Amino acid sequence: MARVIVQREAFDIAAEIARMAADGGTDIGAIVTFTGLCRSEKGVLAALELEHYPGMAEAEMERIAREAEDRWPIDALTIIHRYGKIVPGEGIVLVLAASAHRAAAFEAAEFLMDYLKTHAPFWKKEHRADGQEGSWVEAHTRDDVALGRWRD
Amino acid sequence: MKLVYFSWVRERIGVAEEERDLPDSIHMVADLIEFLIGHGENYAYAFENAQVIRVAIDKQHVPHDAPIGNAKEIAFFPPMTGG
């Protein structure tokens with residue numbers, strides 16, 4: 001059963017790793033973490049504002065987590081996605097995957113990120129450092145391409 | 001029927017959500033989009049490139065040819081950019 005959280009507050013990576021190691025039992029041999037950060041785009045952006053679809057965001061993250069659990073021998077999963085205003089350097093998303101061996105944990109973490117980016121209902125709006133109206137971040141074709149490799 | 005909008009779809013339409021009575025002629029998502037486009041320039045603007053718009057029925061992704069059935073809530077939004 002994955003730990004899935006959508007929250008406004010910052011997350012604590014070390015605390016999440018410690019929690020997973022403590023709760024996951026003694027057969028976990030590998031915990032892979034991925035952290036997605038807000039970038040400034042070389043000083044252009046003051047912040048990103050993340051909008052989400054409450055209820056669906058959590059449901060979709062749980063569905064993606066179940067798919068990962070079906071595909072790999074996973075002992076524990078954590079997915080935390082933030083919403084609201086996030087400044088450069090702060091975390092936006094955190095994924096943790098635990099398994100007996102590293103291969104499954106690495107692959108599951110990457111799978112989760114590829115699906116989160118294309119299926120979890122979140123949208124980023126830019127806040128510009130120069131005060132001008134920012135635009136909505138556009139979806140990248142490369143994210144759909146990344147998804148393709150998980151389909152047989 | 002409750003309709004909800006996100007991101008620039010919400011901004012272009014001008015409301016985050018609304019209740020609408022739908023005529024019986026609307027069977028699938030694509031019919032609903034056509035119906036909405038007929039309700040004002042703001043809708044026409046939001047759906048000007050309708051094929052890129054993603055749709056969720058009762059918080060599950062669906063294609064544009066999905067039947068609306070007994071949906072309680074239908075959401076329209078651009079491709080997602082989380083992560």
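Chain A is the first sequence line, chain B the second, and so forth, proteins listed ahead of strands; every chain is numbered from 1. Treat the numbers as computed from the prediction; the structure is a model and nothing was measured.
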### Task
Could you tell me which portion of A:H119 (side chain, backbone, both or neither) has an atom closer than 4.5 angstrom to a non-hydrogen atom of chain B?
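Answer is both: backbone and side chain atoms of A:H119 are under 4.5 Å from chain B.
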
For the [atom1] atom on [X], are there more than 12 heavy atoms of other groups (residues, nucleotides or ligands in this structure) within a distance under 6.0 Å?
| X | atom1 | answer |
| --- | --- | --- |
| A:D27 | CG | no |
| A:E138 | CD | no |
| A:E133 | CD | no |
| B:Q60 | CD | no |
| B:F35 | CZ | yes |
| A:F106 | CZ | no |
| B:R20 | CZ | yes |

#### Entry: Common cluster, A:I17/A:I79, ILVMFWY with side-chain heavy-atom separation under 4.5 Å
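A:I17 and A:I79: separate clusters.
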
#### Entry: Co-membership, hydrophobic cluster, residues A:W72 and A:V32, 4.5 Å side-chain
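Per the 4.5 Å side-chain linkage, A:W72 and A:V32 are not co-clustered.
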
Which distance, rounded to the nearest 0.5 Å, do you find between the [atom1] of [X] and the [atom2] of [Y]?
| X | Y | atom1 | atom2 | result |
| --- | --- | --- | --- | --- |
| B:S7 | A:K124 | OG | NZ | 11.5 Å |
| A:L116 | B:M80 | CG | CE | 11.0 Å |
| B:K59 | A:R63 | NZ | CZ | 16.0 Å |

Looking at chain B, which one of [options] has the largest number of heavy-atom pairs inside 4.5 Å, strictly under?
| options | value |
| --- | --- |
| A:T118, A:L94, A:D114, A:L50 | A:T118 |
| A:Y53, A:F34, A:F122 | A:Y53 |
| A:A59, A:G36, A:A120 | A:A120 |

### Query
So does B:R10 pair up with A:E51, basic N to acidic O under 4.0 Å?
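So B:R10 pairs with A:E51 through a salt bridge.
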
Non-hydrogen side-chain atoms of [X] and [Y] separated by less than 4.5 Å:
| X | Y | value |
| --- | --- | --- |
| A:P121 | B:F6 | no |
| A:W136 | B:E11 | yes |
| B:H61 | A:M56 | yes |

### Query
Does B:T81 reach the main-chain N or O of A:A139 with its side chain, forming a donor-acceptor pair under 3.5 Å?
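Side chain of B:T81 to backbone of A:A139, a donor-acceptor pair under 3.5 Å: no, none is there.
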
#### Entry: Interchain contact, B:V4 with chain A, by part (heavy-atom threshold 4.5 Å)
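Interface part for B:V4: side chain.
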
